[in-house]
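Order of the sequence lines sets the chain letters (A, B, ...), proteins ahead of strands, with each chain counted from 1.
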There are 2 protein chains.
Amino acid sequence: MNDYTNILREHNLKATPQRLAIANALCTNGHMSIETLYGIMLKKFSSISLATIYKNINLMLENTFIQEVKLPNAKSVYELTKTPHSHLLCEACGNVEDILLNLNSIIEDALKASEFQIEKTDLVLSGVCKKCRK
Amino acid sequence: MNDYTNILREHNLKATPQRLAIANALCTNGHMSIETLYGIMLKKFSSISLATIYKNINLMLENTFIQEVKLPNAKSVYELTKTPHSHLLCEACGNVEDILLNLNSIIEDALKASEFQIEKTDLVLSGVCKKCRK
DNA sequence: TCCTAAAGGATAATTTTTATCTATTGATAA
DNA sequence: TTATCAATAGATAAAAATTATCCTTTAGGA
Ligand SMILES: [Mn+2]
Ligand SMILES: [Mn+2]
Ligand SMILES: [Zn+2]
Ligand SMILES: [Zn+2]
């Protein structure tokens with residue numbers, strides 16, 4: 001189990017036990033909704049307030065310690081900030097996976113077509129995962 | 001101003017005045033949040049209920065008459081269903097534009113890397129539009 | 001024109017998220 | 001170590017967003 005004390009501090013976040021637990025939960029579970037994160041946190045902190053979850057999620061987002069992933073037909077999930085990547089969503093089981101795709105050519109195309117100065121991409125590919133296909 | 005009576009019926013939706021107005025609002029404004037749609041609808045139907053907006057948006061989504069577009073750091077917007085396309089979001093002015101991009105090669109890459117059966121893509125490119133750059 | 005399921009409006013209820021308040025605590029420096 | 005204090009946690013209220021309920025009206029077909 002990783003120690004997120006310093007990483008939290010680097011993001012100007014005090015390393016409280018609750019925050020360390022959030023970081024670890026995200027680390028081991030990958031992508032989590034507020035709801036499921038709260039459920040997991042309750043196991044460790046039986047009297048943790050849902051407000052604490054929200055306050056921390058929002059602060060962690062502001063300080064880019066975590067990222068929000070908006071999914072079609074599902075609640076948002078949150079993850080530790082890593083190198084930019086895309087997502088695969090299984091419409092059958094709801095599982096979310098990371099996938100590293102090179103979007104440079106797409107961004108080039110968009111640049112030419114739009115005159116936008118593009119700074120960020122959010123891509124979710126929805127479908128059916130291998131397990132659910134069988 | 002387009003007549004959406006038949007298109008609504010093709011989607012198993014009764015062509016009520018409220019629904020026709022929603023369709024026209026989406027047609028002329030492109031992408032709208034619940035909030036702004038409600039504001040526009042109030043001009044035509046001074047006593048329309050917000051519940052009517054929600055009920056219709058949800059039904060129209062179920063019957064694929066409209067689509068939801070989830071945006072980073074912003075409320076969802078809704079649009080009439082058109083041929084699949086991607087979106088540009090200006091982080092400065094909040095404007096949302098359609099953009100047609102060929103994602104085939106990306107989907108191919110994802111297929112190889114993931115063994116997912118991909119059926120849908122949701123791509124939002126965020127940046128600064130031409131107008132806001134000046 | 002009549003009939004009826006579906007839809008609209010009013011409003012309550014529920015769900016989700018944020019704000020407020022006080023006690024506690026993590027981080028810093030003496 | 002210990003003292004200090006801004007930041008945080010938890011409890012709870014409040015606000016915002018969404019859905020449910022109930023009754024009246026209406027679109028669309030017979
Ligand atoms: Mn991810
Ligand atoms: Mn669009
Ligand atoms: Zn699956
Ligand atoms: Zn702009």
So, OP1 or OP2 of [N]: does either fall under 4.0 Å of a side-chain N or O from [X]?
| X | N | result |
| --- | --- | --- |
| T16(A) | dT25(C) | no |
| K75(A) | dT16(C) | yes |
| Y54(A) | dT17(C) | yes |
| Q18(A) | dG10(D) | yes |
| N56(A) | dT8(D) | no |
| T52(B) | dG9(C) | yes |

Q: I would like to know whether D122(A) and H87(A) meet side-chain hydrogen bond (donor to acceptor under 3.5 Å, both in side chains); could you show each step before the answer?
A: CA-CA 8 Å; D122(A) 287 279; H87(A) 288 100; over 6 Å; no
Please report the distance, rounded to the nearest Å, between [atom1] in [X] and [atom2] in [N].
| X | N | atom1 | atom2 | value |
| --- | --- | --- | --- | --- |
| N58(B) | dT18(D) | CG | C1' | 8 Å |
| F45(B) | dA7(C) | CZ | C1' | 13 Å |
| L42(A) | dA11(D) | CG | P | 11 Å |

(Q) Which is more 5' along DNA chain C, the nucleotide nearest K55(A) or the one nearest L50(B)? Just name the residue. (A) L50(B)
(Q) By the 4.0 Å heavy-atom rule, please label I34(A) as base, sugar-phosphate, or nothing. (A) nothing
Q.
Mind checking if A15(A) touches a base, just sugar-phosphate, or nothing, with heavy atoms under 4.0 Å?
A. sugar-phosphate
Q: Please confirm whether any donor atom in the side chain of K14(B) sits under 3.5 Å from an acceptor in the base of dG29(D), or the reverse.
A: no
